[in-house]
Amino acid sequence: MPEGSKMKRPDVKVVLLGDMNVGKTSLLHRYMERKFKDTVSTVGGAFFLKQWGPYNISIWDTAGREQFHGLGSMYCRGAAAIILTYDVTNWQSLAELEERFLSLTDTANHDCIYALVGNKADLTDLKAHLSPDSESTEPHELSACPTPPASPASLSGVKKQVSPEDAVALYGRILRNKGLEEADSLPAEKMCFETSAKTGYNVDALFEALFDLVLPSILRKQNENQESPTVDLEECRGGHSKRARSTCC
Ligand SMILES: Nc1nc2c(ncn2[C@@H]2O[C@H](COP(=O)(O)OP(=O)(O)OP(=O)(O)O)[C@@H](O)[C@H]2O)c(=O)[nH]1
Ligand SMILES: [Mg+2]
């Protein structure tokens, strides 16, 4: 838990969802602590608080294990953004998002933003494998190498099972599931990411893009909170004229 988190009140909530082992906890560690470290499978859920300019953003890590499935919709309640995470080397982890996790997001805000994140890209893509953020990648690996290095897939022996096009197609189905028009929603190219918690590839870009996109949600919530002690009596009676201030109705 970050320092000071007990005192600060979150302005907005972002939730990570996805199957076990896809790297949700590792993505959060990478972003919050700037490292890739050993994880244990998450039990229940945990949250981190991120200061973003003047705002406090709570980022919730959830358990992907089936036994905790029932908790998912509780964690999604009131979320302004949900990061649906899969593993690019595991097709089933993408399928699970649609089959098991999407229904949990019905408790999120009506204007919730959805991002689709394919993690472990370092195992299949050279640019993610050699991300400049990587702690494991020494600078000389690139410069001293006379021929281009072998692709990560051939190094790791792991095949990419999910293409960016598969993710874009799922993003379209998510919008339809939510009754949203593609034309009125954030475009798939902006909301589908491939990341590596291991090397740091695209991790900051993911979280920071989302934080920018949830700002309107924060401002709306703040407006609602300011307006909540007032009741428009004229409106209650169907009138249109001046606002009346009242604490009871
Ligand atoms: N190569 C590689 N391994 C990763 C990456 N992210 C996570 N892992 C590994 O994948 C395993 C699972 O990572 P976690 O972050 O614990 O996965 P999780 O989604 O939080 O899993 P649950 O808590 O069980 O839902 C660990 O062994 C990580 O080291 C990544 O970007 N690249
Ligand atoms: Mg976890």
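Indexing begins at 1, ligand by ligand and atom by atom, following the structure's order.
With respect to atom 2 (C) of ligand 1, the closest heavy atom belonging to the protein is Asp122 OD1, 3.6 Å. Taking atom 29 (O) of ligand 1 as the reference point, the nearest protein heavy-atom neighbour is Phe36 CZ, 3.2 Å. Looking only at protein heavy atoms, the nearest one to atom 24 (O) of ligand 1 is Ser41 OG, 2.5 Å. Scanning all protein heavy atoms for the shortest distance to atom 7 (C) of ligand 1 gives Ser26 OG, 3.3 Å. If you check which protein heavy atom lies closest to atom 16 (O) of ligand 1, you get Thr39 OG1, 2.6 Å. Nearest protein heavy-atom contact of atom 10 (O) of ligand 1 is Lys120 NZ, 3.1 Å. The protein atom (non-hydrogen) at minimum distance from atom 20 (O) of ligand 1 is Thr25 OG1, 2.8 Å. For atom 31 (O) of ligand 1, the closest non-hydrogen atom of the protein is Ala197 N, 2.8 Å.
Atom 27 (O) of ligand 1 is never approached by the protein to below 4.0 angstrom, counting heavy atoms only.
The distance from ligand 1 to the heavy atoms of Thr42 drops below 4.0 Å at these ligand atoms: 22 (P), 23 (O), 24 (O). Distances below 4.0 Å separate heavy atoms of Leu123 from the following atoms of ligand 1: 1 (N). Listed by atom number, the atoms of ligand 1 under 4.0 Å from Asn119 heavy atoms are 5 (C), 6 (N), 30 (C), 31 (O). Short contacts between ligand 1 and Met20, defined as distances under 4.0 Å to a heavy atom of the residue, involve ligand atoms 21 (O), 22 (P), 24 (O), 25 (O). The distance from ligand 1 to the heavy atoms of Ala63 drops below 4.0 Å at these ligand atoms: 25 (O).
Taking the six-membered ring for Trp and the full ring otherwise, the centers of Tyr201 and His129 sit at least 6.0 Å from each other.
Rounded to the nearest 10 degrees, the angle OG1 (Thr42) to the Mg ion (ligand 2) to OG1 (Thr25) equals 90°.
Counting only distance, with no hydrogens or angles, the side chain of Ser93 and the backbone of Gly18 share no donor-acceptor pair below 3.5 Å. Asn56 places no side-chain N or O within 3.5 Å of a backbone atom of Asp11 that could act as its donor or acceptor partner. In this structure, Arg30 contributes its side chain and Lys198 its backbone to a donor-acceptor pair below 3.5 Å. With Asp125 contributing its side chain and Lys127 its backbone, the two residues share no donor-acceptor pair below 3.5 Å.
Inclusion of Gly23 in the set of residues having an N or O under 3.5 Å from an N or O of ligand 1 is warranted. Inclusion of Asp61 in the set of residues having an N or O under 3.5 Å from an N or O of ligand 1 is not warranted. Note: no N/O pair closer than 3.5 Å links Gly18 and ligand 1 by distance alone. Not a single N or O atom of Arg65, backbone or side chain, sits closer than 3.5 Å to an N or O atom of ligand 1. At a 3.5 angstrom cut-off on N or O pairs, Thr195 does not count as close to ligand 1. Of the polar atoms of Gly64, at least one N or O is found under 3.5 Å from an N or O of ligand 1, judged by distance alone.
Among the candidates Asp166, Val22, Leu84, the single residue satisfying the side chain to side chain contact (heavy atoms under 4.5 Å, CB included) test with Leu94 is Asp166.
Residue contacts with ligand 1 for Asn21 involve both N, CA, C or O and side-chain atoms from C-beta outward (heavy atoms, distance under 4.0 Å).
Ring pair His29/Phe48 is perpendicular by interplanar angle, where above 60° counts as perpendicular and below 30° as parallel. Using a 30° and 60° split on the angle between ring planes, Tyr31 and Phe211 fall in the perpendicular class, above 60°.
Under the 4.0 angstrom criterion for non-hydrogen atoms, Tyr201 is not in contact with ligand 1.
Using a 4.5 Å cut-off on side-chain heavy atoms (C-beta onward), Glu182 and Ser185 make no contact. The closest side-chain heavy-atom distance from Leu175 to Glu181 is not below 4.5 Å. Contact annotation: the side chain of Lys159 never approaches that of Trp91 to less than 4.5 Å [non-hydrogen atoms, C-beta and beyond]. Side chains of Thr105 and Lys178 form a contact here, defined as non-hydrogen atoms less than 4.5 Å apart.
Linking Ile, Leu, Val, Met, Phe, Trp and Tyr residues whenever their side-chain heavy atoms come within less than 4.5 Å places Trp52 and Leu213 in a single cluster.
Side chain to side chain, Asn119 and Thr195 meet the donor-acceptor criterion of an N or O pair below 3.5 Å.
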